[in-house]
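What follows is a single structure, written as structure tokens, with notes after it.
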Amino acid sequence: MNDTPPVVAMRGIVKRFPGVLASDHVDFVLRRGEIHALLGENGAGKSTLMNILAGLYRADEGTIAVHGTPASFGSPRQAIEAGIGMIHQHFMLVPSQSVTENILLGLEHPRFRLRLAENERRVAELGEQFGLKVDPRAKIWQLSVGEQQRVEILKLLYRGADVLILDEPTAVLGPAETEQLFKTLRGMTAQGKSIIFISHKLNEVVSIADRVTVMRRGKVTAADVPTASTTAGELARLMVGRDVLFRVEREAQQPGPVVLSFENLSAENDRGLPALHELSLQVHAGEIVGLAGVAGNGQRELAEVATGLRRATGGRIRLNGEDITN
Ligand SMILES: Nc1ncnc2c1ncn2[C@@H]1O[C@H](COP(=O)(O)OP(=O)(O)OP(=O)(O)O)[C@@H](O)[C@H]1O
Ligand SMILES: [Mg+2]
């Protein structure tokens, strides 16, 4: 044990929205060099609490101390000046600009742009240091979602953040990209950064976090639990408020006739690039068909073509045998 104050200590945080107590006297502590998961179901109040820490919202009550010093952030800029930055569920990058331009965006030093080559080198160095590989000159629209996330992380590191808050960062990643992100996060903590990892995925929390704080309906149900001393089942109970069955017992379903069918369906995304390539799929009466995949792989386009919001560029859709394409 030592007496250095925690990197962040939030005490008695209250935040009310109309009809909702989103933070109900919440305490939250982050130590240097740890990955701390903030776990909870939809609407538990995770993003709200962290938006307060990142200067986006003001708490109605409570205090924040950073390295033992009382702090009050009126804007994200003030939070980042104190070394605290957040990567939101939806990225905030300008697609037509380059990686480096996006990283410099909002810094009130226009001459940074003039020294673009120098900043590109700096971005490349940071990427090297933290294992965040991305071409500093690439335009954002050319990047995969995983690469865009790296740009968001680099943006905070460039500003000198030593506390990084990631809000559901794996929601947009495939398994390989998730593993890569986890490696990066471990590398960052090894270099003294502290990380808050917001999630509702138990297995991820258990595998990446050192400690976990669980929230339910605006309240903390377990604070600061070492992940090594808990189980996914215990965490699930704290998160949901009752025992959770991980196995669902289900009878095999006898499918009825085909009601909806996609035949060699093709469509483009908003950028005019192919999103569906000759996709064929049948839905039978009485069954639930799951569509698995990382966001951004055509699911939205399929739903939009099926409901007439987007034109098919090839193939057919039939509903009860009737052609309803376009
Ligand atoms: N800007 C807002 N205005 C009004 N109500 C809000 C606002 N932001 C959040 N809330 C409400 O506060 C509660 C907590 O929401 P919050 O987004 O913090 O939850 P969360 O744990 O991040 O959930 P999720 O997993 O869905 O992201 C919810 O009931 C939500 O509807
Ligand atoms: Mg949230």
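Order of appearance sets the numbers: ligands from 1, and atoms from 1 within every ligand.
- The protein heavy atom nearest to atom 17 (O) of ligand 1 is S47 CB, 3.9 Å.
- For the pair D27 and K219, the salt-bridge criterion is not met [side-chain N within less than 4.0 Å of a carboxylate O].
- Heavy atoms of M215 come nearer than 4.0 angstrom to ligand 1 in no pair at all.
- Of the candidates I198, N42, L49, N42 brings a heavy atom nearest to atom 26 (O) of ligand 1.
- For the 3.5 Å distance criterion, the side chains of D167 and S47 qualify, holding a donor opposite an acceptor.
- Distances from ligand 1 to the non-hydrogen atoms of K15 include no value under 4.0 Å.
- For atom 29 (O) of ligand 1, the nearest non-hydrogen atom from the set T48, N51, V20, L38 comes from V20.
- Residue contacts with ligand 1: G43 is included, with a non-hydrogen atom under 4.0 Å away.
- Under a 4.0 Å criterion applied to the non-hydrogen atoms of K46, ligand 1 contributes the atoms 18 (O), 19 (O), 20 (P), 21 (O), 22 (O), 23 (O), 24 (P), 25 (O).
- Ion pair D24/R16 not flagged as a salt bridge, since none of the NZ, NE, NH1 or NH2 atoms sits closer than 4.0 Å to an Asp/Glu carboxylate oxygen.
- Here the protein heavy atom with the shortest distance to atom 6 (C) of ligand 1 is F17 CD1, 3.2 Å.
- Distance check: I195 CD1 to I153 CD1 gives 8.0 Å after rounding to the nearest 0.5 Å.
- Every atom of ligand 1 is numbered from 1 in the order shown, and the set under 4.0 Å from a heavy atom of Y57 is 1 (N), 8 (N).
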Inset, instruction - Report the C-alpha distance between E263 and S261 in whole Å, list the side-chain angles of each, state the deciding distance to 0.1 Å, and finish with yes or no for side-chain hydrogen bond (donor to acceptor under 3.5 Å, both in side chains). - result: CA-CA 6 Å; E263 296 159 21; S261 78; 3.2 Å; yes
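- Using modelled atom types and a 3.5 Å distance limit, the side chains of R32 and T189 yield no donor-acceptor pair.
- Among the backbone and side-chain atoms of S47, an N/O/S atom is found under 2.8 Å from the Mg ion (ligand 2).
- The closest side-chain donor-acceptor pair between T325 and R316 falls under 3.5 angstrom.
- Near E168, with a cut-off below 4.0 Å to any heavy atom, the atoms of ligand 1 are 25 (O).
- Using a 3.5 Å distance cut-off with no hydrogens or angles, the side chains of H200 and E168 do pair a donor with an acceptor.
- Side-chain polar atoms of E147 and Q142 form no donor-acceptor pair below 3.5 angstrom.
- Less than 4.0 angstrom separates atom 1 (N) of ligand 1 from at least one non-hydrogen atom of the protein.
- One side chain, H36 or T213, offers a donor N or O that lies under 3.5 Å from an acceptor on the other.
- Atoms of ligand 1 found under 4.0 Å from any heavy atom of A44, numbered from 1 in the order shown, are 19 (O), 20 (P), 21 (O).
- The Q89 neighbourhood of ligand 1 comprises atoms 27 (O), with distances under 4.0 Å to a heavy atom of that residue.
- Residue G45 has at least one nitrogen or oxygen atom sitting less than 3.5 Å from a nitrogen or oxygen atom of ligand 1, judged on distance alone.
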